[in-house]
Number of protein chains: 2
Amino acid sequence: MNNFTDLLRAHNLKATPQRLEIANTLYNQGHANVEELYDTLLKKFHSISLATIYKNINLMIENAFIQEVKIPNAKSVYELTKETHSHLVCKKCGNVEDITLDLRPVCDLAMHSTEFQIDKADLVFSGLCKKCQ
Amino acid sequence: MNNFTDLLRAHNLKATPQRLEIANTLYNQGHANVEELYDTLLKKFHSISLATIYKNINLMIENAFIQEVKIPNAKSVYELTKETHSHLVCKKCGNVEDITLDLRPVCDLAMHSTEFQIDKADLVFSGLCKKCQ
DNA sequence: AACACAACTAATAATCATTCTAATTTAAAG
DNA sequence: CTTTAAATTAGAATGATTATTAGTTGTGTT
Ligand SMILES: [Mn+2]
Ligand SMILES: [Mn+2]
Ligand SMILES: [Zn+2]
Ligand SMILES: [Zn+2]
């Protein structure tokens, strides 16, 4: 059980028990959607409000403590901010995995063939995980 | 003004005036979200229902006539199905552009470093378009 | 350790987004 | 031209997210 108090404060967020539990849940599960976060936090905070989940997710995103990952045909999941990486999603079981790839060559190619100045590349692979194929 | 009657039928969709207009709108604008489609169709069909937009979007996606593109910090946009491609989104003006890139090397790399069987790669670049930078 | 206060939480109301229902209309096959 | 399954519409219903408000708490300061 990690202690995220300092990390939260470093992002200008008060270290409330609810926020610490969101951080721990994302640390343990890697990625979770709104409903999963709510269900998990309900176990520890019997009377937590969904509004608290939403409010904290939004604030934590604003302060770059967490990030949203948009997934084809599924609800967004959230994760602790870490080094830039891409995602693999299993179409069957919904499992989400991280993968670190060097996308600079692709970004450079894209920048050379358009007039865009690119500063982010969100890449999501869809397919079947080992268990499901 | 393209005629999408046959293309709709090829996708097992009746060629209703509303659907033809959705097809034309996407053909002309490239990408549009639900609200933009509704506003555009309202000009031609004064009493069109939002339910018609949603119902058709869903059915057209099921039948692979159109596709959804999920975009960071914005509503999804929809586009006519065409050759696989990636997207560039301007953070400032929201403009969405297509870009065709060969992602096979990246996919192969991903498949070799995980146990996933990958069959799709959704890539969205974020940055500033020429006008906005 | 106690204080002060801005920030936070919980309840719930309000709003926004999407889907459902049922009556009417229509595309297209024969 | 008829027939009929499917589509459209209006509006109700549901689901998701945000806003409001009153009471509570984390944290810097004394
Ligand atoms: Mn991740
Ligand atoms: Mn496109
Ligand atoms: Zn799987
Ligand atoms: Zn722009």
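In what follows, chains carry the letters A, B, and so on, assigned in the order in which the sequence lines appear, proteins first and then strands, with residues in each chain numbered from 1.
Side-chain atoms of B:Q18 and B:T52 include no donor-acceptor pair closer than 3.5 Å.
The side chain of B:S47 lies closest to D:dA10, out of C:dA17, D:dA10, C:dA11. Closest to the side chain of B:T16, out of C:dA10, C:dT9, D:dA7, is D:dA7. Minimum atom distance to the side chain of B:K55 is reached by D:dT8, of the listed C:dT18, C:dA10, D:dT8. Comparing D:dT18, C:dA17, C:dA27 against the side chain of A:N58 picks out D:dT18 as the nearest. In this structure, the nucleotide among D:dT27, D:dT8, C:dT18 sitting nearest to the side chain of B:V34 is C:dT18.
Heavy-atom neighbours of B:K82 NZ from other residues, nucleotides or ligands within 6.0 Å: above the threshold of 12.
For the pair B:F45 CZ and D:dA10 P, the computed distance is 13 Å after rounding to whole Å. When rounded to the nearest whole Å, the span between CD1 of A:I53 and P of D:dA19 equals 17 Å. As a whole-Å value, the separation of A:E36 CD from D:dA16 P is 13 Å. Atom CZ in B:R19 sits about 10 Å away from atom C1' in C:dA27, given to the nearest Å. C:dT9 atom P lies 8 Å from atom CD1 of A:I22, rounded to whole Å.
Contact check, B:N12 against D:dA6: no side-chain N or O comes under 4.0 Å of OP1 or OP2. Dashed line: the shortest gap from a side-chain N or O of B:Q18 to OP1 or OP2 of D:dT9 is under 4.0 Å. Dashed line: the shortest gap from a side-chain N or O of B:S49 to OP1 or OP2 of D:dG11 is not under 4.0 Å. Under 4.0 angstrom from either OP1 or OP2 of C:dA28 there lies at least one side-chain N or O belonging to B:R9.
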Under the side-chain contact (heavy atoms from CB on, under 4.5 Å) rule, what do A:Y38 and A:I48 come out as? Steps first, then yes or no, please.
CA-CA 8 Å; A:Y38 181 56; A:I48 194 173; 3.9 Å; yes

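Side chain of A:T81 to main chain of A:F65: a donor-acceptor pair is present (N/O by atom type, distance under 3.5 Å, no hydrogens or angles).
Looking at which nucleotide of DNA chain C each of A:T52 and A:K14 is closest to, the 5′-most match is held by A:K14.
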